[in-house]
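Right, one structure below, let's go through it.
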Number of protein chains: 2
Amino acid sequence: MGIKQVARHAGVSPGTVSNVLNRPERVAATTRARVEAAIRELGFVRNGSASTLRAGHSSTIGLMVLDLGNPFFTDMARGVEESASERGYAVILSSSGESDDREQRNIRVFAEQRVRGVLLTPVGDDGENADRLRARGMPVVLLDHPTPRANQCSVAVDDVAGGELAAGRLLADGARTLAFVTGPTALRQCADRRKGALRALRTAGLAPGTLRDVAVPAMNARAGQEAARRLLDDGGPLPDAIFCANDLLALGVLRVLLQSGVQVPGDVAVIGYDDIEFSAAAAVPLSSVRQPTYQLGRIATELLLEECDDPEGHAHQQVMFQPELVIRESSRRGGGGTE
Amino acid sequence: MGIKQVARHAGVSPGTVSNVLNRPERVAATTRARVEAAIRELGFVRNGSASTLRAGHSSTIGLMVLDLGNPFFTDMARGVEESASERGYAVILSSSGESDDREQRNIRVFAEQRVRGVLLTPVGDDGENADRLRARGMPVVLLDHPTPRANQCSVAVDDVAGGELAAGRLLADGARTLAFVTGPTALRQCADRRKGALRALRTAGLAPGTLRDVAVPAMNARAGQEAARRLLDDGGPLPDAIFCANDLLALGVLRVLLQSGVQVPGDVAVIGYDDIEFSAAAAVPLSSVRQPTYQLGRIATELLLEECDDPEGHAHQQVMFQPELVIRESSRRGGGGTE
DNA sequence: CAGCGGGGTTGACACGTTTTAATTCGATGA
DNA sequence: TCATCGAATTAAAACGTGTCAACCCCGCTG
């Protein structure tokens with residue numbers, strides 16, 4: 001069922017059918033109509049692999065995120081998909097699950113599929129995978145990951161500023177001891193948010209040692225529960241406030257605290273990061289740091305496709321958004337607690 | 001950068017390189033080593049589009065879900081991806097956003113890409129899109145959608161039973177008037193859960209008119225908020241209990257109720273559907289109907305790949321799971337209310 | 001009337017892989 | 001010594017599309 005059958009059925013040559021599909025303006029209206037009718041009658045759909053083989057690249061882009069279970073990334077993906085489909089591109093969506101191996105495997109799939117370009121939220125910080133792709137001549141835009149390097153585009157939100165914002169608010173509210181619940185410390189997001197928190201501590205004149213790190217191996221609610229249990233079980237006094245690298249972590253933390261009879265924000269204030277939809281509906285509405293998630297996806301896609309369309313004329317850009325603090329019940333001192 | 005360059009570099013013919021890639025056992029150990037070295041040195045990666053063109057189909061499967069913003073579907077997708085990658089297949093993940101148009105567009109992409117098979121959670125009930133695919137000889141498994149038709153596999157959970165379970169519990173707890181907050185009524189999930197609720201009403205000896213439908217155009221938290229506002233604003237008395245077609249809807253409903261000072265479950269009991277992770281952490285922990293989400297994805301993938309591997313010998317199966325009620329605070333009468 | 005130009009169409013080739021049938025080569029047995 | 005056999009490798013064809021140079025036809029100009 002190829003272009004040839006359509007051509008025969010319409011009484012034209014295969015080349016003409018191809019022209020109808022790709023440069024309709026070059027073919028006379030009457031023959032075009034005839035070909036289109038044939039296409040419809042035969043139910044023809046273009047063989048993408050043949051196109052891709054001929055063209056050297058497909059009309060899909062690859063999107064790799066850290067965790068599909070995190071609404072932050074699915075919101076981003078929505079932005080990507082809408083922006084891409086407006087330009088006639090399809091999106092192949094993949095998740096690395098924060099695993100270096102899976103990132104590499106999935107990137108290999110992208111390479112095999114000859115996607116037109118890749119949007120990558122990298123697990124590691126070295127940009128090795130991105131470099132490998134670019135070495136093959138494949139445009140890459142880093143997503144939710146800033147780069148100092150000028151050889152590629154990136155779109156990100158200032159996580160250091162976000163961390164400073166969150167911790168700063170907790171300190172301003174009177175907290176003297178802080179815990180930082182974090183996922184894998186190798187993740188740039190975690191490291192930067194921690195750096196911001198430390199900066200806030202310094203500004204407040206407190207020693208960096210005041211920040212107690214609680215690292216868990218994932219960034220979901222279950223891991224957050226584990227972190228909270230660790231905080232509760234180790235015998236010492238609870239910190240005045242807990243800053244979580246992630247709303248999912250924060251929701252897990254919150255849940256265990258409440259189950260254990262700890263008052264939030266009375267005994268402990270909690271603040272998360274990402275401002276996912278569920279945070280506002282949590283048992284204690286969660287303060288958080290909001291990012292322009294959907295926009296992140298849209299803009300990254302635009303940059304990527306711009307580079308694809310004109311690799312020579314394209315000027316790489318490093319876009320950096322500023323996050324915004326959203327204060328709700330969970331960090332509002334005097335809002336419902338013991339103190 | 002093709003098989004030919006690798007062949008030249010290793011001093012063998014292209015056919016041998018292909019054999020190394022696909023049937024390593026047929027090539028002598030020493031030449032195999034030489035070819036593998038060449039592959040590594042040149043950084044060769046197989047051109048998937050050429051493979052696909054030759055084979056007639058790629059080694060990817062397409063997965064189309066209703067809503068990537070719903071954790072129910074991302075959990076399912078996790079099951080699919082893990083099961084597929086165990087067998088060497090990659091997954092192209094797409095969301096129809098509950099829109100018929102987008103479903104059709106994305107299925108077209110699947111067809112163009114010549115995916116090996118499709119896992120489809122259809123928007124409509126007619127199975128037209130699935131039929132079109134199967135007419136092209138492409139295996140399709142319906143996901144979260146039962147079929148009476150024996151010409152295809154399906155994997156689903158009994159939504160009528162789930163609806164009956166949920167509404168039955170609300171009635172057993174003493175509710176006499178019920179609201180059903182639902183997304184697009186054309187969605188099978190919504191229709192079936194409603195049917196179950198009606199069945200429960202009948203069993204309890206109540207008139208079907210007792211069920212007050214509140215239909216909103218989407219199945220997310222925002223739509224749930226709209227539904228709750230509609231319930232509050234129309235002047236009449238609130239129902240004793242609200243059954244939501246979806247946890248996202250329920251979380252939205254819950255939020256607006258609590259903001260308006262309505263006690264849950266004291267004034268109104270609420271129960272959702274899907275038992276997503278966030279439900280347990282909601283302001284009032286949400287009762288819900290649990291489904292074997294991850295298993296759904298795994299089993300559907302297994303069925304699909306089984307059909308792909310042996311289209312003739314494959315016997316279609318219609319798998320139906322039974323849901324399970326999870327009772328939490330939001331529907332526990334006497335748990336914290338006025339009554 | 002011959003020549004010219006241009007819009008519309010065609011035919012053939014290339015893309016990179018897989019596969020099948022054919023070929024080489026060394027060893028074995030008669 | 002020669003025929004035979006099997007293992008290892010090769011050459012060539014095919015998959016369906018896009019492109020590009022060539023070609024045809026027709027009207028127009030000189």
Side-chain angles (χ1 to χ4, degrees), chain A residues 1-36 38-39 42-60 88 108-116 136-138, chain B residues 1-36 38-39 42-60 88 108-116 136-138:
Chain A
M1 283 311 91
I3 236 180
K4 287 202 193 108
Q5 283 76 357
V6 174
R8 183 139 36 95
H9 192 267
V12 296
S13 83
T16 300
V17 177
S18 176
N19 281 334
V20 170
L21 292 174
N22 302 304
R23 298 110 103 197
E25 72 281 1
R26 291 202 191 173
V27 41
T30 78
T31 44
R32 184 168 59 213
R34 207 144 33 97
V35 171
E36 280 164 351
I39 287 178
L42 298 181
F44 164 83
V45 316
R46 167 235 244 65
N47 186 327
S49 55
S51 298
T52 299
L53 175 59
R54 184 57 167 75
H57 56 77
S58 81
S59 62
T60 56
R108 187 183 187 79
V109 173
F110 288 164
E112 287 194 2
Q113 298 288 313
R114 298 293 195 266
V115 296
R116 189 69 197 271
R136 280 189 204 302
M138 181 166 303
Chain B
M1 279 310 90
I3 236 180
K4 288 201 193 105
Q5 282 76 357
V6 174
R8 184 139 36 95
H9 193 265
V12 297
S13 82
T16 300
V17 177
S18 175
N19 280 334
V20 170
L21 292 174
N22 303 305
R23 297 110 102 195
E25 71 282 2
R26 291 203 190 170
V27 40
T30 77
T31 45
R32 184 169 56 213
R34 207 147 30 98
V35 170
E36 279 164 351
I39 287 178
L42 298 181
F44 164 84
V45 316
R46 166 232 247 77
N47 186 326
S49 55
S51 298
T52 299
L53 176 57
R54 182 76 226 284
H57 55 77
S58 82
S59 62
T60 55
R108 185 182 188 80
V109 172
F110 287 164
E112 287 194 3
Q113 298 289 313
R114 298 294 195 266
V115 296
R116 188 68 196 270
R136 280 188 205 301
M138 182 167 302

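Scope of the values below: all heavy atoms of this structure, side chains included, with no hydrogens, waters or symmetry mates. Letters go in sequence order (proteins before strands), and every chain restarts at 1.
Which of C/dT19, D/dT17, D/dT9 sits closest to the side chain of B/Arg54 comes down to C/dT19. Among C/dG8, C/dT18, D/dT17, the nucleotide with an atom closest to any side-chain atom of B/Ser51 is C/dT18. Of the candidate nucleotides D/dG18, C/dG16, D/dT19, D/dG18 has the atom lying nearest to any side-chain atom of A/Arg46. Closest to the B/Thr16 side chain, of the nucleotides D/dG18, D/dT10, C/dG8, is D/dT10. Residue B/Val12 has its side chain nearest to D/dT10 when only C/dT18, D/dT17, D/dT10 are considered. Here the side chain of A/Ser18 is nearest to one of C/dT9, D/dG18, D/dT17, namely D/dG18.
Considering only side-chain N and O atoms, B/Ser13 lies nowhere under 4.0 angstrom from the phosphate OP1 or OP2 of D/dA11. OP1 or OP2 of D/dT9 has at least one side-chain nitrogen or oxygen of B/Thr31 nearer than 4.0 Å. Using a 4.0 Å cut-off, some side-chain N or O of B/Asn22 falls inside it from OP1 or OP2 of C/dT18. Considering only side-chain N and O atoms, B/Arg23 lies nowhere under 4.0 angstrom from the phosphate OP1 or OP2 of C/dT18.
Counting any heavy atom pair closer than 4.0 Å across all strands shown, A/Val17 reaches no nucleic acid atom.
In this structure, CD of B/Gln113 is placed 14 Å from C1' of D/dT17, rounded to the nearest angstrom. The nearest whole Å value for the distance from the CG atom in B/Leu53 to the C1' atom in D/dA14 is 9 Å. Rounded to an integer number of Å, the gap from NZ of B/Lys4 to P of D/dT10 is 15 Å. The CG-C1' distance, from B/Asn19 to C/dT19, rounds to 9 Å in whole Å. For the pair B/Glu25 CD and D/dA8 P, the interatomic distance rounds to 11 Å; values are reported in whole Å. Rounded to an integer number of Å, the gap from CZ of B/Arg8 to P of D/dA11 is 14 Å. Rounded to whole Å, the distance from CD1 on B/Ile3 to P on C/dT19 is 11 Å. The interatomic distance linking B/Phe44 (CZ) with C/dG16 (C1') rounds to 8 Å, in whole Å.
Taking for each of B/Ala28 and B/Arg114 the nucleotide of DNA chain D with the nearest heavy atom, the 5'-most of the two is the partner of B/Ala28. Judged by closest nucleotide on DNA chain C, B/Asn47 is the one of B/Arg26 and B/Asn47 placed further toward the 5' end.
Although no hydrogens or angles enter the test, the distance criterion places a donor-acceptor pair under 3.5 Å between the side chain of B/Arg34 and the main chain of B/Ala10. Of the possible polar contacts, one joining the A/Arg136 side chain to the B/Gly43 backbone as a donor-acceptor pair under 3.5 Å is found.
Contact check for B/Thr52 versus A/Glu112: no side-chain heavy atoms found under the 4.5 Å cut-off. Side-chain contact between A/Arg46 and A/Asn22 is present, with at least one heavy-atom pair separated by less than 4.5 Å. Contact of the A/Arg32 side chain with the A/Pro24 side chain is registered, since non-hydrogen atoms from C-beta on lie closer than 4.5 Å.
Here the closest non-hydrogen pair linking B/Ile3 and B/Val17 is CG1-CG1, 3.5 Å.
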